[in-house]
2 protein chains.
Amino acid sequence: MNWSTHASQRLDEAGHRSGRARRRVVELLGSADCALTALEIDRRIDSVGRASVYRTLERLEQLRLIQRVDIGGDSAGYERVDASDHHHHLVCQACGCLSPFTSEKLEDAIAAVGQSAGFALASHDVVLRGTCADCGDA
Amino acid sequence: MNWSTHASQRLDEAGHRSGRARRRVVELLGSADCALTALEIDRRIDSVGRASVYRTLERLEQLRLIQRVDIGGDSAGYERVDASDHHHHLVCQACGCLSPFTSEKLEDAIAAVGQSAGFALASHDVVLRGTCADCGDA
DNA sequence: ATCTGTGCAAATAGTTTGCATCCTC
DNA sequence: GAGGATGCAAACTATTTGCACAGAT
């Protein structure tokens, strides 16, 4: 089952109803390559109020169907969560592109930090900034 | 030499002048334990306009005397940079406290990711969220 | 029929800008 | 004395809230 269907189902289970705004936002996030900001989502969808976009994102985040990604700008990105697809982001400062990566070594290091600090870790964000391969060899 | 003096000196060298707002902001950042938001700084300083706080932070950041820390909320934190003190942050979701940590393993893992992705890394942020030792054993 | 979701518009919060004035150099 | 620094107020951007109404169950 794809993410959109899954998300819609979970929203139903949580007692939410399905209106136009919710359908369009879920559909868009389900087909997105990477994180989208609330405003990008709003721009790409006609006849849906901006407030509804934010409210839908809020519900999706509460159910952990999407997650916020802070890439350091003034607005936050949102992307769908696949339990089996934990990853972080590389941000190219030249072209603004976002690419996901995973690293077991990095996850291990993070777990070790939490343990030695006595923190019960719930989540973590890692954002690497630099120049991507395409922009680097100009 | 302490950070405040150093920062003030570098601002001078960069051709900036020293007014009340700049003095107070630099002084506060120099004595801060960890990151402060622009609004916290503004609140703690009387008779200094908010705009001047932002402008001072902007200049300090450009000279790499302070750095932005995105802890995931709606506003960003700023803290002084000591070249010899690279660290990241643990955020307690219960009490909101911020504690710094360092991990060589983590830095290594990050460097490895950048290399294998063909990214020339310029900077990176790591934020771990969870429950701190104090809040955990309630 | 009921009660949630939606859209609009207004309200907020954080940050930036315009401009007259102050003050450093 | 000149030009940058500052403070105030207004502008802006992202996000949230109030409210009437449409629409899902």
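As the structure is a prediction and not an experimental result, all values here were calculated from the model. So you know, we letter chains A, B, ... as the sequences are listed, proteins then strands, and number each from 1.
- A donor N or O paired with an acceptor N or O is found under 3.5 Å between the base of D:dG3 and the side-chain atoms of B:R17.
- Checking the phosphate oxygens (OP1, OP2) of D:dT15, a side-chain nitrogen or oxygen of A:Y54 falls inside 4.0 Å.
- Each of D:dC8, D:dT15, C:dG7 was ranked by its minimum atom distance to the side chain of A:V48; first place goes to C:dG7.
- For A:R55 against C:dG7, a side-chain-to-base donor-acceptor contact under 3.5 Å is present.
- Ring geometry for B:H124 against B:H86 counts as perpendicular: the plane angle is over 60°, on a 0 to 90° scale with 30° as the lower cut.
- Residue B:H16 places no side-chain N or O under 4.0 Å from the OP1 or OP2 atom of D:dG4.
- Residue A:I45 contributes atom CD1, which lies 14 Å from atom C1' of C:dG7 at whole-angstrom precision.
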Checking side-chain hydrogen bond (donor to acceptor under 3.5 Å, both in side chains) for the pair B:S52/B:R20: CA distance, chi angles, key distance, verdict? CA-CA 10 Å; B:S52 299; B:R20 173 176 41 181; over 6 Å; no

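- For the pair A:I41/A:T56, no side-chain contact is recorded, criterion being any heavy-atom separation below 4.5 Å from C-beta on.
- For A:S52, the side-chain atoms get nearest to C:dG7 when compared with the rest of C:dT15, D:dT25, C:dG7.
- Checked against D:dT15, C:dG14, D:dA24, the side chain of B:S75 finds its nearest nucleotide in C:dG14.
- One atom, CZ of B:R22, and another, C1' of C:dC23, lie 13 Å apart when rounded to the nearest Å.
- Between the P atom of D:dA14 and the OH atom of A:Y78 lies a distance of 13 Å, rounded to the nearest Å.
- Following rounding to the nearest Å, A:Q62 (CD) and C:dG5 (P) show an atom-to-atom distance of 12 Å.
- Heavy-atom minimum distance, A:A112 versus B:K105: CB-NZ, 4.4 Å.
- Taking side-chain N and O atoms only, A:R68 has no distance below 4.0 Å to OP1 or OP2 of D:dA14.
- In this structure, B:A21 reaches the sugar-phosphate backbone alone: every heavy-atom distance under 4.0 Å involves primed, P, OP1 or OP2 atoms, never a base.
- Distances shorter than 4.0 Å separate none of the side-chain N or O atoms of B:R50 from OP1 or OP2 on D:dT6.
- Of all non-hydrogen atoms in A:Y78 and A:A38, the two that sit nearest each other are CD1-N, 4.4 Å.
- In the set D:dC8, D:dT25, C:dT15, D:dC8 carries the atom at the smallest distance from any side-chain atom of B:A51.
- A:D12 places its CG atom 16 Å from the C1' atom of C:dC3, with the value rounded to the nearest Å.
- Between the C1' atom of D:dT16 and the CD atom of A:E58 lies a distance of 9 Å, rounded to the nearest Å.
- Residue contacts for A:T37: at a heavy-atom cut-off of 4.0 Å it reaches no nucleic acid atom on any strand shown.
- With the nearest nucleotide of DNA chain C identified for both A:D46 and B:A76, A:D46 has the one nearer the 5' end.
- Donor-acceptor pairing under 3.5 Å is lacking for the side chains of B:S4 and B:R23.
- Positionally, the nearest nucleotide of DNA chain C for A:G49 lies more toward the 5' end than for the other of B:A38 and A:G49.
- Remark: P of D:dG7 and CG of B:D42 are 10 Å apart, rounded to the nearest angstrom.
- Distance B:I41 CD1 to C:dG14 P: 14 Å, rounded to the nearest Å.
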